[in-house]
Amino acid sequence: MKLAVAIADTAASPSAFVVWRGFEESIPKAAEYGYHGVELALKTADDVNRAQLSRWLAAKNLEVSCISTGQVFAALGLYFTHPDPAAREKVVAVFADLIDLATDFGRMINVGRTRGFIGEGESRSDAEARFLATAGRICEMAARKGVTIIIEPVNRYEINFINSVDEGAALLKRMPQTNIGLMPDVFHMNIEDDHIGGTLARHGSLVKYIHFADSNRHAPGWGHLDFDDVFAGLRRGGFDGWASIEILPVPDPDAAARQAARYILPRLAAYNAGA
Ligand code: LER
Ligand code: MN
C-alpha cells in the first residue's frame, strides 16, 4: 500500500476538497512529509500542464495516485445521472480528456459526486439507468487506455445516491465492465456502513483505492475512528493499492498533512511488512 495526499491547483474553486493548493508548492511538501504520491483534484484536463507536472513529480520522485473529479460536479455542474442528454454528452467529453491525461498520471479516475443524484420527482431506477449507461460508456473509453474508474460512496448528507459501500458494490455488480471498482472513504463509511473493517473485507475484490480521514474529517489520529480495524479490514480484503489523505486542512494545511503522515505511515509500513 502507498500513501498520497489530495491537492488542487491554486485556481481551483473553494469547493475543491483538498489539503493543499498549488501543484508546484504542494509536491515538494508532500515528498518532505513522506507521502509517495499526490491525488489531483481537477475540473478538466486543461487544469494541468503535463510537461511541467511531470518535471515537478520527477524532481521529488512522486507519483500521481489518481485524478479526482469532484470539481466536474461542483464547478461545471456535470454528472452522470443528468436528465439532459446534452449535459451527459458533456460529462463524457470531459472524462475522455481526463482519461487521456490519466494514461500519464495515475491510471485511475475517481467518480465521487460526479455520479449524480436522484432528482426531485424522479425514481431511483431512472437515476440508476442513467448512471449505468454513462458509467458504462466512460469505462469502455477508459478500458481502451488502460485506465480504471473508481466509484466513491458518499454519505447521505452530501448526496442521495450511492451512499454506502454495499450500495456501490451492488450497482457495480450490474456492470459488465471490469475496469471499474470502488473507492471507499472511511469518513463516509463511518456514517453509512454497518462496520468499516468488515465491509472493506467483504468487498475486497472491488476495493481499488481508499480515502483516509478521521471521524471528524480531521487528520487521522485526531478523531475517534479505529484505524486498526480499517487496516485489518483492508488486509482481509487483500488490498494493495493507494490510500489517500482527504481531510479538512485544520488547524492549517501543513499541520494537518504532517499529522496524517505521522499517524498513517508507520501503520502502512507495518501493513506492507505483513505485521
Ligand atoms: C470526495 O472524495 C468526498 O469525499 C466528498 O465528500 C467531497 O465532498
Ligand atoms: Mn473522499
Side-chain angles (χ1 to χ4, degrees), residues 1 3-9 12-21 26 35 37-43 47 64-81 91 94-95 98 102 106 108-117 131 135 148-165 167-169 180-193 196 199-200 203 206-220 223 225 227 230 233-234 239 241-250 253 256-257 260 264:
M1 199 190 317
L3 189 66
V5 57
I7 66 171
D9 196 8
S13 84
S15 64
F17 187 55
V18 293
V19 179
W20 281 314
R21 285 160 194 275
S26 310
Y35 290 95
V38 286
E39 176 180 313
L40 304 180
L42 303 182
K43 175 169 88 287
D47 292 357
V64 169
S65 57
C66 141
I67 293 171
S68 67
T69 61
Q71 290 304 291
V72 176
F73 176 83
L76 302 181
L78 297 174
Y79 48 93
F80 291 12
T81 64
V91 80
V94 168
F95 268 75
L98 290 172
M108 281 208 177
I109 300 192
N110 133 292
V111 176
R113 290 165 298 165
T114 311
R115 102 280 245 103
F117 51 91
F131 169 81
T148 300
I149 303 295
I150 43 182
I151 306 291
E152 179 176 8
V154 169
N155 80 75
R156 70 190 72 181
Y157 304 107
E158 294 188 39
I159 208 143
N160 65 2
F161 182 48
I162 319 183
N163 303 124
S164 67
V165 171
E167 185 185 347
I180 187 159
L182 290 175
M183 176 205 252
D185 178 324
V186 294
F187 170 76
H188 300 303
M189 290 188 79
N190 187 47
I191 298 171
E192 296 292 346
D193 287 281
I196 297 183
T199 305
L200 291 171
H203 296 298
L206 286 175
V207 175
K208 306 288 182 206
Y209 192 108
I210 187 156
H211 272 164
F212 280 169
D214 216 317
S215 52
N216 46 10
R217 233 172 186 181
H218 292 185
L225 213 137
F227 275 93
V230 171
L234 290 171
F239 183 73
W242 282 94
S244 177
I245 299 297
E246 189 194 48
I247 52 177
L248 294 166
V250 291
I264 295 296

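Numbering of ligands and ligand atoms starts at 1, following listing order. From a predicted model like this one, the values you see are computed outputs, not experimental measurements.
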Among Ile150, Ile109, Ile151, Ile149, exactly one meets side-chain contact (heavy atoms from CB on, under 4.5 Å) together with Met183. Which residue is that? Ile150
Side chains of Gln71 and Ser13, heavy atoms from C-beta outward: is any pair under 4.5 Å? yes
Could you give the N/O to N/O pairs under 3.5 Å linking ligand 1 and the protein, each with its distance?
residue, atom, partner, partner atom, Å
ligand 1, 2 (O), Glu152, OE1, 2.7
ligand 1, 2 (O), Glu152, OE2, 3.1
ligand 1, 2 (O), His211, ND1, 3.4
ligand 1, 2 (O), Glu246, OE1, 3.0
ligand 1, 2 (O), Glu246, OE2, 2.6
ligand 1, 4 (O), Glu152, OE2, 3.0
ligand 1, 4 (O), Asp185, OD2, 3.1
ligand 1, 4 (O), His188, NE2, 2.8
ligand 1, 4 (O), Arg217, NH2, 2.7
ligand 1, 4 (O), Glu246, OE1, 3.0
ligand 1, 6 (O), Glu158, OE1, 2.8
ligand 1, 6 (O), Glu158, OE2, 3.0
ligand 1, 6 (O), His188, NE2, 2.9
ligand 1, 6 (O), Arg217, NH1, 3.2
ligand 1, 6 (O), Arg217, NH2, 3.0
ligand 1, 8 (O), Arg113, NE, 3.4
ligand 1, 8 (O), Glu158, OE1, 2.7

With sequence neighbours left out, write down each residue that passes ring pair (Phe, Tyr, Trp, His ring centres under 6.0 Å) with Tyr79, or none if nothing qualifies. Phe73, His82, Phe117
Going through the distances and angles, do Arg113 and Glu152 end up as a salt bridge (charged side-chain N to carboxylate O under 4.0 Å, His left out)? CA-CA 8 Å; Arg113 290 165 298 165; Glu152 179 176 8; over 6 Å; no
Are the side chains of Asn190 and Ile196 in contact, using a 4.5 Å heavy-atom criterion? yes
For the pair Arg156 and His188, evaluate side-chain hydrogen bond (donor to acceptor under 3.5 Å, both in side chains) and give the outcome as yes or no after the intermediate values. CA-CA 9 Å; Arg156 70 190 72 181; His188 300 303; over 6 Å; no
What residues form a ring pair (Phe, Tyr, Trp, His ring centres under 6.0 Å) with Phe17, not counting sequence neighbours? none
Check whether any side-chain N or O of His211 sits under 3.5 Å from a backbone N or O of Ser244 as a donor-acceptor pair, and report yes or no. no
Closest non-hydrogen contact found for Asn163 with Asn155 is ND2-C, 3.7 Å
Output, by chain and residue number, all protein N/O/S atoms separated from the Mn ion (ligand 2) by less than 2.8 Å. Glu152 OE2, Asp185 OD2, His211 ND1, Glu246 OE1
